[in-house]
Each structure stands twice: as structure tokens, then as C-alpha cells.
There are 2 protein chains.
Amino acid sequence: MTSKDSKTTSDRIVTRPDLKELARHLGLSQTTVSRVLSGSAKNHRISSETEQRVLAAAAKLNYKANVLARSLRSKRSKTVGVMVPEISEGYSTAVLGGIEEVLLLSGFFYFVVSHRHRTDLLREYPSLLLSRAVDGIIAVDSTIEEDLPIPVVAVSDHHHRPSVVNIELDHLLAARYALDHLTRLQHREIAFIKGQSFSSDTLARWRAICKVAAELGIEINPRLVIQLEDHGLGTEPGRTATIALLERDVRFTAIFAFNDLAAIGAITVLREAGIQVPAQVSVVGFDDILSAATNNPPLTTVRQPLQEMGRVAASTLLQMIHTEKQDWSTHPIRLLPTFVERQSTAWAPQASEAAFSDSAHPHKESNLQGN
Amino acid sequence: MTSKDSKTTSDRIVTRPDLKELARHLGLSQTTVSRVLSGSAKNHRISSETEQRVLAAAAKLNYKANVLARSLRSKRSKTVGVMVPEISEGYSTAVLGGIEEVLLLSGFFYFVVSHRHRTDLLREYPSLLLSRAVDGIIAVDSTIEEDLPIPVVAVSDHHHRPSVVNIELDHLLAARYALDHLTRLQHREIAFIKGQSFSSDTLARWRAICKVAAELGIEINPRLVIQLEDHGLGTEPGRTATIALLERDVRFTAIFAFNDLAAIGAITVLREAGIQVPAQVSVVGFDDILSAATNNPPLTTVRQPLQEMGRVAASTLLQMIHTEKQDWSTHPIRLLPTFVERQSTAWAPQASEAAFSDSAHPHKESNLQGN
DNA sequence: CTGAAAGCGCTTACAG
DNA sequence: CTGAAAGCGCTTACAG
């Protein structure tokens with residue numbers, strides 16, 4: 001026993017033997033003990049009696065292999081890196097929840113790094129993770145530019161490349177849910193809040209909207225399309241966009257927002273402008289974050305299966321890690337959204353009662369300024 | 001150059017030399033190169049010319065030390081473990097954001113593990129993190145039972161022990177903010193929603209409330225005290241508790257909830273019961289999560305500086321790691337809450353003023369007198 | 001069925 | 001100012 005270390009402040013401190021000590025204790029070679037403990041006993045036809053003895057001793061002496069040493073030698077660290085834009089943000093953490101669930105069941109640990117849309121960090125992190133010997137990387141809403149010598153799974157990225165497997169939402173179905181819903185409620189003048197330029201989903205989702213709008217015969221008025229600014233936190237970008245939208249003074253009866261945060265921001269701005277939701281303007285969100293249900297009015301929204309996307313990302317990555325294959329130019333794995341109908345949408349108002357009828361102009365600018 | 005590996009699918013794959021190759025390339029020993037690269041050049045009086053050459057070559061050849069090998073040898077991994085109850089939950093991720101900010105600036109990476117209040121995981125994780133050779137652990141709202149041979153910082157734990165430094169909120173100040181606010185608004189019949197039994201903060205916060213209530217002469221009616229159930233997600237526990245509270249049929253004019261989620265749940269239940277917030281019942285939350293501001297009505301709440309608590313936790317842990325000291329029986333580090341007054345609180349309803357024979361107006365006492 | 005020895009890629013006494 | 005050699009704690013050819 002190595003017991004010359006640490007002035008024990010409590011006898012509950014765990015003393016751990018290393019492999020050498022364990023082997024000596026058992027009167028076996030490190031090789032044999034290692035084989036049993038790393039689960040390759042079968043391949044070496046180790047007698048089950050020996051196997052049992054080793055297992056029992058390991059448990060009794062509380063042996064835990066030094067993962068560093070094991071990884072260094074075996075070239076597999078059972079560690080993956082997860083890149084997210086922002087750790088303290090609902091989207092990433094929902095995905096992270098799913099990732100963790102799968103990873104930890106397989107004995108994998110993960111490093112989280114968040115780049116906050118800083119391009120220098122986006123460039124550096126894959127390299128830093130590599131020097132930490134991760135077996136693979138999951139990029140959540142983050143684009144990795146260089147090809148890496150390890151498997152990569154991207155959640156909601158849309159740069160298809162051979163070395164990366166993409167997990168994406170079925171954007172067409174998502175757009176169909178929302179636009180079909182609004183169309184049935186007789187909305188024709190629909191405003192769109194596009195996502196931030198840095199979000200991987202922005203373009204794909206917008207393309208899907210355009211395509212579905214064409215199918216449904218909805219005309220998209222460019223003056224009713226506005227994009228979230230890159231800066232600002234929480235509901236702020238949605239507020240800013242909606243204020244700008246109102247200033248254009250073009251009539252609309254519904255808004256399809258890029259995400260719930262933007263939808264919630266939009267609703268607060270509309271309310272401040274004296275416009276009722278959903279009586280005068282309907283609002284559809286995206287994601288179904290927690291606040292969507294508790295918002296007033298509760299948000300009608302397209303739900304992304306974020307946890308599920310995380311789970312699929314993780315299990316796909318594990319598969320890739322456990323295989324020799326090099327080329328992963330498969331089709332993206334596409335998950336399905338669901339539609340959650342709550343109270344932020346309603347029938348399109350009659351022209352006379354609409355917020356933008358000529359009589360009732362929405363310009364209550366005093367409320368909108370100064371924020 | 002080791003270039004026999006990997007059928008390069010793209011020439012952008014990063015080839016990295018190891019220390020040996022770098023040393024050979026420079027005509028120097030691994031020892032010298034290692035010294036320069038690990039920053040101990042000064043201690044060994046390495047000529048600045050040599051130093052510059054090494055640095056230049058390392059940059060040019062894109063040398064990155066294998067962190068596994070370095071850690072195995074040096075016994076310091078520049079990695080910490082962070083234990084949280086739940087990854088996809090606002091409280092933990094806010095703290096995590098602060099932790100990350102500090103850690104990554106120092107070149108530290110972190111593993112996240114979430115135990116979801118499972119006692120088996122709570123017991124195992126410290127050990128598993130240890131076998132991953134972490135230099136220290138931050139436990140967020142999680143109690144670590146055994147003494148560990150590495151530094152530990154606990155955010156919002158209240159088991160004071162020598163080997164652990166605690167980061168906590170000033171619960172007395174928090175209670176004072178809330179109760180003082182309600183008292184001034186003439187509330188006397190206040191209901192309290194206590195936290196889940198598994199939350200480290202539940203007891204400390206409740207004690208502070210009792211103490212401050214005594215100071216302010218507020219009587220706590222046991223029939224107006226209810227505790228959040230351990231199961232249920234989001235606003236569900238708050239809803240359940242409030243429903244049970246209403247069933248007791250004891251009059252109250254205000255609720256002080258354990259957290260914002262519970263407060264939001266309470267408000268939805270009150271609304272469904274036809275009780276107006278804040279006209280008939282005022283509600284005060286705790287935490288100031290994102291939804292607090294966007295809720296309807298926007299929540300009056302005690303804000304915890306969660307990011308800051310994370311930052312302090314991380315920098316404290318780094319200090320502990322970089323020192324030899326063994327005994328950390330310091331006082332806990334106490335951070336200050338702030339009070340955010342929004343629209344979920346208002347004057348106690350008229351009926352209650354009539355019921356109590358006192359004056360119609362609250363005493364405008366100066367801020368937070370006493371301590 | 002089991003073991004002795006080499007080696008993963010670094011850092012660190014020890015030596016000069 | 002610089003280097004040769006040992007060693008961190010494992011796994012893995014190689015051998016029998």
C-alpha cells in the first residue's frame with residue numbers, strides 16, 4: 001500500500017491501490033489482472049476462477065483504473081467534446097441533457113466548451129479538444145471548419161461534409177405545421193422573424209418556409225421579413241426586431257418567429273403597442289422552451305425534440321467511435337418536430353378589427369421608445 | 001513526421017508532431033523543449049535564443065502537447081469535475097456559465113456530471129471523477145458525503161466541513177428583502193412554499209425566513225407553510241403545492257415561493273381558481289430566471305447572482321488547487337442577492353386592511369435597517 | 001491459460 | 001545552460 005501521502009484529515013478518504021499492487025496482492029501478473037478488468041478476459045481464455053478472484057479483489061480494495069494511463073496507452077479515452085454556443089441557454093442545455101443521458105450509460109465523460117460565437121474560439125476548440133484526446137466531438141449549433149481525425153456529429157449544422165454526420169430537424173415539416181395552422185385560421189399577411197446570422201438553423205429553416213409558403217400559395221412580403229440581430233440576450237433581439245417591424249407600418253395578422261424567445265419578445269412589444277395577441281395578431285414560436293407554456297398567452301409553437309436530438313447525436317457518435325469506417329457521407333439523420341397549439345394564435349381578424357386597419361393605427365411609439 | 005496514418009480525406013487534417021519529433025527537428029533534447037513549452041524555462045535558465053527557437057518551431061509545426069501524457073506524469077490534469085443535479089435546468093446552467101468563464105481562461109477543462117438526485121450516482125461520481133484525475137470538484141447544489149483527496153468547492157451546500165469551501169447566498173438578506181417588501185405592502189397573512197427536500201438551500205433559506213419573520217413581527221402560520229414535492233418538473237411542483245394550499249382554506253394575501261418556477265406555477269393555479277395576482281394575492285419568487293421577467297405578470301423576485309457564484313466557485317477552486325494547504329475550514333463565501341420588484345406584488349387587498357385595525361398606510365421605513 | 005517486457009508521450013529528478 | 005534516463009499507470013504485441 002502506498003500510504004506515505006496525505007495527512008489524512010479523515011479516515012473516510014479513499015485509498016486506492018494501483019494495478020501493480022492489486023496484482024501483487026493476488027499473486028498474478030499485471031497483464032492478467034488488466035485483462036480481466038478491461039473486459040477482455042474472454043479473448044484470452046482466462047479461467048473463470050481467476051476472473052472471479054480478480055473481480056472480487058478489485059471490488060474489495062476499491063481499485064479504479066487510472067483513466068489517464070489507460071487512455072494514453074490504448075488511444076481511447078472514453079471522453080468526447082461537446083461544443084455549444086452558450087452554456088447557460090435553453091437550446092444547448094436541452095440537447096446536452098440528451099447527450100449526457102446516453103454518454104454516461106456507456107461510461108463516457110464529456111468536456112463542454114462554449115464559444116459564444118467568437119470565431120477564434122470556434123477555430124481553436126476542436127484542436128484543444130484533440131490535445132485532450134477526445135474520441136469524438138459533438139457540435140451543437142456550431143460549425144467546425146477543419147476536417148478532424150476523429151468522428152464528428154453536428155446537431156443543427158448544415159454544412160454537409162464526408163467526415164461529419166448531421167442531426168437535423170425536418171424543417172419542411174416544421175414549416176408546414178406552422179404555415180398550415182396559420183392558413184387554416186385565415187391568415188394571409190404573415191410576418192416572419194428570421195434567426196440570427198450566426199445560427200446554423202437560420203438558413204435551412206428559412207428555405208423550408210419559402211418552399212412551403214409557395215406550396216400553400218402564401219405570398220411572402222419582403223417588407224414583413226425581418227432578421228434577429230446578432231447581439232442581445234434573451235427576448236431582446238425579438239423585441240428589437242418587432243419594433244422595427246411595426247415601424248415599417250405594413251399590415252400583418254400573424255408572426256412566425258424563429259424561436260420562442262423571439263416570439264415572447266414580440267408579444268411583449270405588441271402588447272406595449274396596444275395590439276392584442278391573439279385577437280389582433282397571432283404569434284407562433286419555435287422550440288417549445290419552458291417559458292413557452294407559462295407565457296401569457298401560452299405560446300403556440302413548433303416543438304423541436306431537443307433531448308432526443310442530443311440522444312441521437314450521442315449514440316451516433318458512439319457508433320462511429322466503435323467502428324473503423326472513415327467515410328460518413330450518409331444522409332443527415334432527420335428528426336421530427338411536433339406542433340403545440342396553445343393560445344397565442346387565433347382566427348385572423350376581420351379587416352375592421354385588425355390592428356392595422358386604416359382607422360386603428362398601431363403607432364403608439366411612446367411606449368416603444370427608450371428601451 | 002509520422003505520416004503513415006489515416007488515409008487523408010482532406011489535406012486540412014491537422015498533422016501534429018509529438019515532443020520527440022519536435023526535439024529532433026530542433027536538434028535539442030526533449031527535456032529542453034519540454035521545459036520551454038511547459039513554461040518552466042526561467043527555472044532552468046534556458047537561453048532566450050533557444051526559447052525563441054522552440055516557441056517558433058512549436059507554433060510552426062502546430063505542436064500541441066498530449067494532455068494525457070502530461071497529466072499522467074505531472075499529476076495535474078488541468079481538469080475539474082462539476083456535479084450538478086440536472087444539466088437541462090436553469091439554476092445549474094447559470095452557475096455553469098460562470099464556472100466556465102473562469103475555468104477556460106486558465107486553460108482548465110471540465111467534466112459535467114448530473115446525478116438527478118439519485119443517491120447511487122451522488123456516491124459514485126466523486127470516485128469516478130477521481131479516476132479521471134480531476135484536480136478538483138465543484139458541487140452545485142449537491143452534497144458530497146466522503147472526504148476527498150482533492151479540493152472541493154460547494155455552491156449552495158450547507159454541510160460545513162474542513163475539506164470543502166462553501167459558496168452561499170446571504171439568505172438572511174434575501175429573506176429580509178422579500179419579507180420587508182411584503183410587510184410594507186401591508187401583507188400579514190403570508191403563505192410560504194418551501195423547497196424540495198433534496199435541495200441544499202431548502203433548510204438554510206427556511207431558517208433565514210423564520211429568523212427575519214420573527215424580527216419583523218410576522219407570525220408564520222404553519223397551515224400556510226407547504227413544501228414542494230420531490231418529483232415533478234418545471235412548474236409542476238409549484239402547482240401541486242398551491243393547489244394543496246388552497247384546499248386548506250386558510251386565508252392569505254401573499255405567497256413567498258422557494259423559486260421562480262414554483263412562483264409561476266402558483267400564479268397559474270391562482271388564476272385558474274379565479275384569484276387575481278397581484279390584486280388579491282401577491283407572489284414573490286426566488287432566483288430571477290429568464291421566465292421571471294417574461295411571465296404574466298412579471299415576477300417580483302429575489303435575484304441570486306448565479307453566474308457570479310459560479311465565477312467565485314471556480315476561482316476559489318483554482319486557488320485551492322494551486323496551493324499546498326490542506327485545511328480549508330474557512331467561513332463560507334457569502335454572496336449578496338438583489339431584489340427585483342416587478343408586477344406580481346401589490347398592496348394587500350382592502351378587506352385585510354379592514355380586518356386589521358391599523359392605519360391605511362405602511363410605514364415608509366428606511367431600507368433594510370438592522371441586520 | 002498466463003506472463004515479461006515494451007511503450008503510450010510526456011515531465012522530472014539527477015547530473016554536469 | 002542542457003541532456004540522458006527513469007517513470008507516471010496502464011495495455012498490448014509477443015511468447016509459451
Side-chain angles (χ1 to χ4, degrees), chain A residues 1-2 4-5 15-54 58 61-79 107 130-135, chain B residues 1-2 5 15-54 58 61-79 107 130-133 135:
Chain A
M1 293 296 236
T2 50
K4 57 174 183 171
D5 52 352
T15 3
R16 295 142 170 292
D18 61 13
L19 189 64
K20 197 199 279 179
E21 294 167 46
L22 184 59
R24 196 189 313 139
H25 177 88
L26 282 159
L28 289 167
S29 71
Q30 292 192 41
T31 307
T32 300
V33 178
S34 167
R35 278 171 182 149
V36 171
L37 264 18
S38 62
S40 60
K42 306 291 166 293
N43 310 339
H44 295 275
R45 312 211 223 131
I46 288 174
S47 75
S48 74
E49 188 216 320
T50 304
E51 185 173 2
Q52 293 314 315
R53 278 184 61 219
V54 171
L61 301 184
N62 193 26
Y63 172 79
K64 288 275 193 325
N66 179 323
V67 180
L68 251 36
R70 171 178 286 173
S71 304
L72 180 61
R73 183 60 233 258
S74 68
K75 303 288 178 200
R76 341 179 82 250
S77 63
K78 289 199 144 199
T79 305
L130 231 39
S131 70
R132 292 260 174 180
V134 298
D135 291 335
Chain B
M1 295 294 242
T2 50
D5 52 353
T15 2
R16 297 143 170 291
D18 62 13
L19 189 65
K20 197 200 277 180
E21 294 167 48
L22 185 59
R24 196 190 312 138
H25 176 88
L26 282 160
L28 288 168
S29 70
Q30 292 192 42
T31 308
T32 300
V33 177
S34 167
R35 279 170 182 151
V36 170
L37 263 21
S38 62
S40 60
K42 306 291 166 293
N43 311 339
H44 295 275
R45 312 212 225 129
I46 288 174
S47 76
S48 74
E49 189 215 318
T50 303
E51 185 173 2
Q52 292 313 315
R53 278 184 60 219
V54 171
L61 300 185
N62 193 25
Y63 172 77
K64 289 275 194 326
N66 178 324
V67 179
L68 250 37
R70 171 178 286 174
S71 303
L72 179 60
R73 182 61 232 255
S74 68
K75 303 288 177 199
R76 339 179 80 252
S77 63
K78 288 200 144 199
T79 305
L130 232 38
S131 72
R132 291 263 174 180
D135 292 334

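Naming: A, B, ... by sequence-line order, numbering from 1 per chain. Keep in mind that this is a model prediction, so the values were computed, not measured.
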Original post:
In dot-bracket form, how is DNA chain D paired, counting a Watson-Crick or G-U wobble pair only if both its distances are under 3.5 Å and using | for bases paired to another strand?
Top reply: |||.||||||||.|||
Please report, rounded to the nearest Å, how far the [atom2] atom of [N] is from the [atom1] atom of [X].
{"X": "R76(B)", "N": "dC10(C)", "atom1": "CZ", "atom2": "P", "value": "18 Å"}
{"X": "E49(B)", "N": "dT2(D)", "atom1": "CD", "atom2": "C1'", "value": "13 Å"}
{"X": "L37(B)", "N": "dC10(C)", "atom1": "CG", "atom2": "C1'", "value": "11 Å"}
{"X": "E51(A)", "N": "dT2(C)", "atom1": "CD", "atom2": "C1'", "value": "14 Å"}
{"X": "L72(B)", "N": "dT11(D)", "atom1": "CG", "atom2": "P", "value": "12 Å"}
{"X": "L26(B)", "N": "dT2(D)", "atom1": "CG", "atom2": "P", "value": "12 Å"}
{"X": "R24(B)", "N": "dG9(C)", "atom1": "CZ", "atom2": "C1'", "value": "14 Å"}
{"X": "R70(B)", "N": "dT12(C)", "atom1": "CZ", "atom2": "P", "value": "9 Å"}

Answer with base, sugar-phosphate or nothing: what part of the nucleic acid does [X] contact at a heavy-atom distance below 4.0 Å?
{"X": "L28(A)", "answer": "sugar-phosphate"}
{"X": "S34(B)", "answer": "base"}
{"X": "T31(B)", "answer": "base"}

Less than 4.5 Å apart, any side-chain heavy atom of [X] and any of [Y]?
{"X": "Y63(B)", "Y": "V33(B)", "value": "no"}
{"X": "L26(A)", "Y": "T32(A)", "value": "no"}
{"X": "K78(A)", "Y": "V67(A)", "value": "no"}
{"X": "D18(B)", "Y": "N66(B)", "value": "no"}
{"X": "H25(A)", "Y": "L61(A)", "value": "yes"}

Original post:
Mapping K75(B) and T50(B) to their closest nucleotides on DNA chain D, which lands nearer the 5' end?
Top reply: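 In this pair, the answer is T50(B).
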Original post:
Ignoring hydrogens and angles, does a donor from either the side chain of R35(B) or the base of dG3(D) sit under 3.5 Å from an acceptor on the other?
Top reply: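 Pair found.
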Using only side-chain N and O atoms of [X], determine if any of them is under 4.0 Å from OP1 or OP2 of [N].
{"X": "T32(A)", "N": "dG3(C)", "answer": "yes"}
{"X": "Y63(A)", "N": "dG9(D)", "answer": "no"}
{"X": "R73(A)", "N": "dG7(C)", "answer": "no"}

Identify which nucleotide among [options] has an atom closest to any side-chain atom of [X], counting heavy atoms from C-beta outward.
{"X": "Q30(A)", "options": "dG7(D), dA4(D), dC10(D)", "value": "dC10(D)"}
{"X": "S38(A)", "options": "dT11(D), dC10(D), dC10(C)", "value": "dT11(D)"}
{"X": "S47(A)", "options": "dT11(C), dC1(C), dC10(C)", "value": "dC1(C)"}
{"X": "S29(B)", "options": "dG9(D), dG9(C), dA4(D)", "value": "dA4(D)"}

Subject >> Shortest non-hydrogen contact between L37(A) and A58(A), atoms and distance >> reply: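 Answer, listing the atom of L37(A) first, then A58(A): CD1-CB, 4.2 Å.
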Original post:
What are the two closest heavy atoms between V134(A) and S77(A), and how far apart are they?
Top reply: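 Answer, listing the atom of V134(A) first, then S77(A): CA-OG, 3.8 Å.
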Original post:
I46(B) and R35(B): side-chain contact (heavy atoms from CB on, under 4.5 Å), yes or no, with the steps?
Top reply: CA-CA 8 Å; I46(B) 288 174; R35(B) 279 170 182 151; 3.6 Å; yes
